[in-house]
Amino acid sequence: MELSRRLGLEGKQIKFWFQNRRTQMKTQLERHENVILRQENDKLRAENDLLKQAMTTPICNSCGGPAVPGEISYEQHQLRIENARLKDELTRICALTNKFLGRPLSSSGSPIPPHSLNSNLELAVGRNGFGGLNNAGTSLPMGFEFGDGSMMPIVKPMVNEMQYDRSAFVDVALSAMDELIKMAQMDNPLWIKGLGGGMESLNVEEYKRNFSSCIGMKPSSYATEATKATGLVYLRGLALVEALMDAVCHLVTCCRAFVIPLNFLSVVGISLLVTFTLYVILVKLFSVLVEMNRWVEMFPCMISRAATIDVLSSGTGVTRDNELQVMDAEFQVLSPLVPVRQVRFIRFCKQHSEGVWAVVDVSIDPSQDATNTQMFPNCRRLPSGCVIQDVDTKCSKITWVEHSEYDDSAVHHLLQPLLSSGFGFGAHRWLATLQRQCDCMAILMSQDIPGENNTGITPAGRKSMIKLAQRMTYNFCAGVCASSVHKWDKLSIGNVGEDVRVMTRKNINDPGEPHGVVLSAATSVWMPVTQERLFDFLRDERMRSEWDILSNGGPMQEMVHVAKGMGHGNCVSLLRGSAINANENNMLILQETWSDASGALVVYAPVDISSMSVVMNGGDSAYVALLPSGFAILPGISPSYHGGRSESNGALVKPEIDGSIVSGCLLTVGFQILVNNVPTAKLTVESVETVNNLISCTIQKIKAALTVT
C-alpha cells in the first residue's frame with residue numbers, strides 16, 4: 001500500500017507488475033537453460049555418432065587396422081558377444097565331459113571342426129609297467145592350455161590333407177609308449193650287454209615273445225638294428241623334452257595359423273577378442289620362426305631336416321604331457337655310401353610322474369596313408385625314443401632305445417657292418433651326441449673357460465663365430481649325405497670311381513654361399529688306424545701341410561680358439577697359413593672339430609679377413625659366404641666283420657665292440673668347390689676330374705703321413 005501511495009498507482013497495478021516481472025524472469029531463465037540443454041544434447045549426439053562409427057569400424061589396438069570389416073549394428077555386436085560367451089562355456093563343458101566320461105563330446109554348433117578335437121590319451125594306472133612310475137595320465141585338453149587355464153580353439157599345422165584314421169594313431173601311440181617303457185626297464189634276456197659294458201643289443205627272439213608289432217610285419221628283405229644306451233646329461237628333463245618336441249613346421253603351417261583363427265572370428269564375430277586372437281597367432285608364429293628347430297640343432301650331424309606335419313594333440317601345459325605329433329625327418333650317417341633315411345612317424349610325449357618323461361617315435365603304417373603308400377620305403381622306425389628322469393637340478397638320466405628295420409641292399413658293403421652293429425643310427429650315437437651338445441652348452445654359458453684363447457674377440461663375437469661354425473658344419477653334412485636340404489644333381493662322368501659320389505647344384509640367391517655352380521665330391525674309405533690318432537692328425541694345424549693344399553706347404557697358426565667341450569679337440573678355431581703372395585694374406589681358415597664315442601669331425605672353410613672381423617666384433621654371420629670341406633670319422637668296424645647283422649630269421653643283433661675287431665675307423669672325405677661364379681654356366685668334365693683327383697690325392701697324402709696302406 002505504501003508503494004502504491006508513493007507511486008500514485010492502485011494496488012492491483014503494483015500486483016500485476018510483480019507478477020509479470022516474475023513471469024518474465026522465469027521465461028528468461030528457462031530459455032537460458034534450454035540453450036544449455038540443447039548444447040549438451042548436440043554434444044551427446046556427436047559422441048553417439050562417433051561411438052556408432054567406431055562400432056561399425058573397430059580398430060585393432062595392436063596394428064591400428066580394421067578389426068572386423070563390414071557394417072555391424074549395436075544389437076548385432078551385443079548378440080555376438082553373448083554368442084562368444086556361450087560358445088566358450090560350451091567348450092569348457094565339452095572338455096570336462098571328455099575328462100570324466102573318457103570320450104569326446106562334440107556339438108554341431110561348435111565352430112571347431114569335429115576332427116580338430118583331441119582324442120583321449122589317458123594312460124591307466126599300471127598299464128605302462130614301468131616300476132614306480134605308473135600314474136593315471138590326464139586326458140588331453142580340447143584346446144590350447146594357457147597358464148591361467150583359459151582355452152582357445154586348437155590351431156593345428158597341416159601341410160596336406162592326410163588320409164588316415166586319427167583314432168588309430170592314438171592307439172598306436174599308446175602301444176608304442178608301453179613298449180618303449182618296458183624295453184627301457186627290461187635287461188637280460190631281452191638286452192645283451194656288449195663286452196665293453198656300453199651299448200646293449202637286442203635279442204630278437206626274446207623280443208618276438210614279449211611284443212607284437214604295432215606297425216605290421218617286417219618285409220622279408222629288411223634287416224633289424226636295435227640298441228639301448230644309458231647315461232647322464234647336464235640338462236634338465238623338461239628342457240630336453242622341449243627340444244625333442246620342437247621341429248619346424250612347413251610354411252603352410254604359418255599361413256593356416258593365420259587363416260583358422262580369423263575364420264573362427266568371422267563365425268563368432270567378436271571384435272573384443274581380436275586383439276587377444278592376434279596375440280595368440282603372433283606368439284605361435286614367433287615360436288615357429290625363432291626357435292628354429294631345436295631338435296635338429298641338438299643332433300646336427302644325425303638329422304638333416306625335420307618338420308612337424310600335424311599336431312594331433314597340443315598337450316597339457318608347459319610339460320608337453322600327452323602331446324602327439326606327426327613328423328617327417330631325414331636321418332643320416334656322415335658317408336655318401338649310406339642312403340639318407342626318410343621317415344614319417346608319430347611322436348608321443350608323456351609325463352609319467354614329477355621329473356620323469358618318455359618320448360616315443362613309431363613309423364606310420366603305409367596303409368594308414370592311402371595317398372603315400374610308396375613313401376619312405378627304405379626304413380621303418382619301430383617304437384624308439386628315450387626315458388628321461390631328473391637326477392638333480394642340473395642333470396638327468398637318459399635311457400635311449402633305438403629300434404629300426406631297414407633295407408640294407410642300398411648300403412655299401414663297407415658301411416654295412418657299421419649299421420648292423422648299431423653304431424650308425426643306434427642309441428649309442430644318439431646319447432653320445434646329446435651328451436656332447438649339453439657339455440657344449442654348459443661350456444658356452446661358463447664365464448671362465450680354461451685353455452681358451454679369445455684374443456681380439458668380444459663375447460658377442462664369440463657367439464657369432466660359433467653360430468657361423470654351426471652353419472658351416474650343417475652345410476658340410478648336407479653336402480656329404482646329399483640330403484634334401486639342397487637340390488643336388490648326381491653326376492656320373494669322367495674317370496670318377498664308383499665309391500666317389502659327385503654332385504652339383506646352383507646357388508643363385510643364398511647370401512651364405514658364393515653364387516655360381518657348386519661341385520661336391522665325397523667318399524668313404526677304411527683306415528687301419530684308431531679314431532683318436534686320425535682325429536689328432538687332421539685337426540693339428542702344425543701337420544696340416546701334409547694334406548691340405550690351402551696351407552701352401554707350410555704350418556698354420558691358430559689365431560683364435562673357442563672351446564666347445566671338455567675335450568681338447570672340441571672347439572672352433574681360426575687359422576692363418578703361410579701366404580705365397582699378397583692377395584692370400586686376406587684369407588683365413590675357419591675350422592670346427594669335435595670327437596666323442598660316436599665319431600669325430602673336422603670341418604673347415606676359407607673366409608676373408610674383413611668378414612671375420614665383422615663376426616668377431618659380434619656382427620651378423622649370416623652374410624659370410626663359405627663352402628665347407630672336411631672329414632668325418634666313424635667308429636671302427638672292420639669291413640670283414642659280419643657278426644651283428646640280423647637276417648629275417650636271425651635271433652640276435654649283437655655289436656662286438658671289443659678287441660676282436662680290427663683296430664681302425666672309417667674316414668669320409670668331402671669337398672665343396674665353386675667351379676664357376678655364373679649360375680647358368682655349364683659344368684665341364686675337367687672340373688669333375690679335378691675334384692675327383694683332389695679327393696684321391698688327399699686320401700693318399702693322409703695314408704702316407706700316417707704310414708698306412
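Just so it is clear, the structure is predicted and the values come from calculations on it, not from any experiment.
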Could you tell me whether [X] and [Y] make a salt bridge, using a distance below 4.0 angstrom between a side-chain N and a carboxylate O?
X    : Y    : value
D310 : R344 : no
E297 : R294 : no
R381 : E402 : yes
E513 : R505 : yes
R539 : D536 : yes
R341 : E330 : no
E200 : K193 : yes
K701 : E546 : no

What residues form a side-chain contact (heavy atoms from CB on, under 4.5 Å) with S524, not counting sequence neighbours?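 Per chain and number, S524 pairs via side-chain contact (heavy atoms from CB on, under 4.5 Å) with S335, P336, L337, L415, T668.
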Going by the angle between their ring planes, with limits at 30° and 60°, are W430 and W400 parallel, tilted or perpendicular?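 Plane angle under 30°, so parallel.
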Students often mix this up, so state it plainly: with edges at 30° and 60°, are the rings of Y604 and F631 parallel, tilted or perpendicular?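 Y604 vs F631 ring planes: tilted.
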So, do M559 and E541 sit near enough that their side-chain heavy atoms are less than 4.5 Å apart?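 Contact flag for M559/E541 side chains = no.
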Cation over ring face, R436 and W594, 6.0 Å, 45°: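 Yes - R436 lies over the ring of W594, closer than 6.0 Å to its centre and within 45° of its axis.
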Considering all heavy atoms, the nearest C395-Y234 contact: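 For C395 and Y234, the tightest heavy-atom pair comes out as CB-CA, 4.0 Å.
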Test item: side-chain donor near acceptor, Q591 and R544, under 3.5 Å: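 The criterion, which ignores hydrogens and geometry beyond distance, is satisfied for R544 and Q591.
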